[in-house]
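One structure is given below, encoded as structure tokens.
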Amino acid sequence: MQRRSTINSFKSSRLYCTASSSFVGIVVILICLLIFSLFMTKFDAPEPMVSVMSSLALCVGAYVGGYIAAKRRRQNGMIIGILTGIFIYCVIFFAGVIFAKNSITFSFLTKLIMTLICAAIGGVFGVNSKGKRY
């Protein structure tokens, strides 16, 4: 009986909610990027449009991650959203450094700010939403 209690307390912990919701947010980012790449293969998109599409995918994924994390925790929505945004940003940043060999530029700072704002907004909406609890 004690083991079940320990597992349930871990699943309701801030770290578990943040990590699992960040994973969902990253999956949403990848789905958005796949949809946008489908549009770019059908239509010729200029370079600024590609940047807008990637930023939009990042914002949508951060919002969904923050929303789900705050919906699971049901408290401290903005803080949970910001933690989720930081986690998502770190994963995206290190993936960019490793795979694309990107260096730190001004766009990384703007993407960090966008990620944090969207995840915090998602966290606020997640805490204040009604519906069944996870």
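One-based numbering along the sequence shown.
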Legend entry - Which atom of Ala70 lies closest to which atom of Val127, heavy atoms considered: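 Closest approach of Ala70 to Val127, heavy atoms only: CB-CG2, 3.6 Å.
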
Can you measure from [atom1] ([X]) to [atom2] ([Y]) and round to the nearest 0.5 angstrom?
X: Ile29; Y: Cys32; atom1: CD1; atom2: SG; value: 8.0 Å
X: Arg74; Y: Asn128; atom1: CZ; atom2: CG; value: 8.0 Å
X: Tyr67; Y: Cys118; atom1: OH; atom2: SG; value: 15.5 Å
X: Ser21; Y: Phe23; atom1: OG; atom2: CZ; value: 11.5 Å

Inset, instruction - In sequence, state the C-alpha distance, the side-chain angles, and the governing distance for Ser37 and Met53, and then conclude on side-chain contact (heavy atoms from CB on, under 4.5 Å). - result: CA-CA 9 Å; Ser37 66; Met53 288 181 180; over 6 Å; no

According to a 4.5 Å side-chain heavy-atom criterion applied to Ile, Leu, Val, Met, Phe, Trp and Tyr, with indirect links allowed, do [X] and [Y] form part of one hydrophobic cluster?
X: Val60; Y: Val52; value: no
X: Val50; Y: Leu58; value: no
X: Met49; Y: Leu33; value: no

Inset, instruction - State whether the side chain of Thr41 and the backbone N or O of Leu38 hold a donor-acceptor pair below 3.5 Å, judged by distance alone. - result: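 Yes; at least one donor-acceptor contact below 3.5 Å.
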
Legend entry - Check: Ser51 side chain, Pro48 main-chain N or O, donor-acceptor pair, under 3.5 Å: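 Here the side-chain-to-backbone pair does not exist.
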
Per-pair distances, 0.1 Å, donor-acceptor, side chain in residues 75-99, under 3.5 Å, sequence neighbours excluded:
unit_1: Thr84; atom_1: OG1; unit_2: Ile80; atom_2: O; d: 2.8
unit_1: Tyr89; atom_1: OH; unit_2: Phe108; atom_2: O; d: 2.9

Inset, instruction - State whether a side-chain donor-acceptor pair under 3.5 Å links Ser129 with Lys71. - result: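 Yes, a side-chain donor-acceptor pair sits under 3.5 Å.
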
Inset, instruction - Using the side-chain hydrogen bond (donor to acceptor under 3.5 Å, both in side chains) rule, take Arg72 and Ser20 through it: C-alpha gap first, then chi angles, then the decisive distance, then the call. - result: CA-CA 10 Å; Arg72 285 183 179 170; Ser20 62; 2.5 Å; yes

Inset, instruction - Determine whether more than 12 heavy atoms belonging to other residues, nucleotides or ligands lie under 6.0 Å from atom CE of Met40. - result: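 Check passes, neighbour count above 12.
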
Legend entry - Phe36, CZ atom: more than 12 neighbouring heavy atoms under 6.0 Å: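 Above 12, so yes.
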
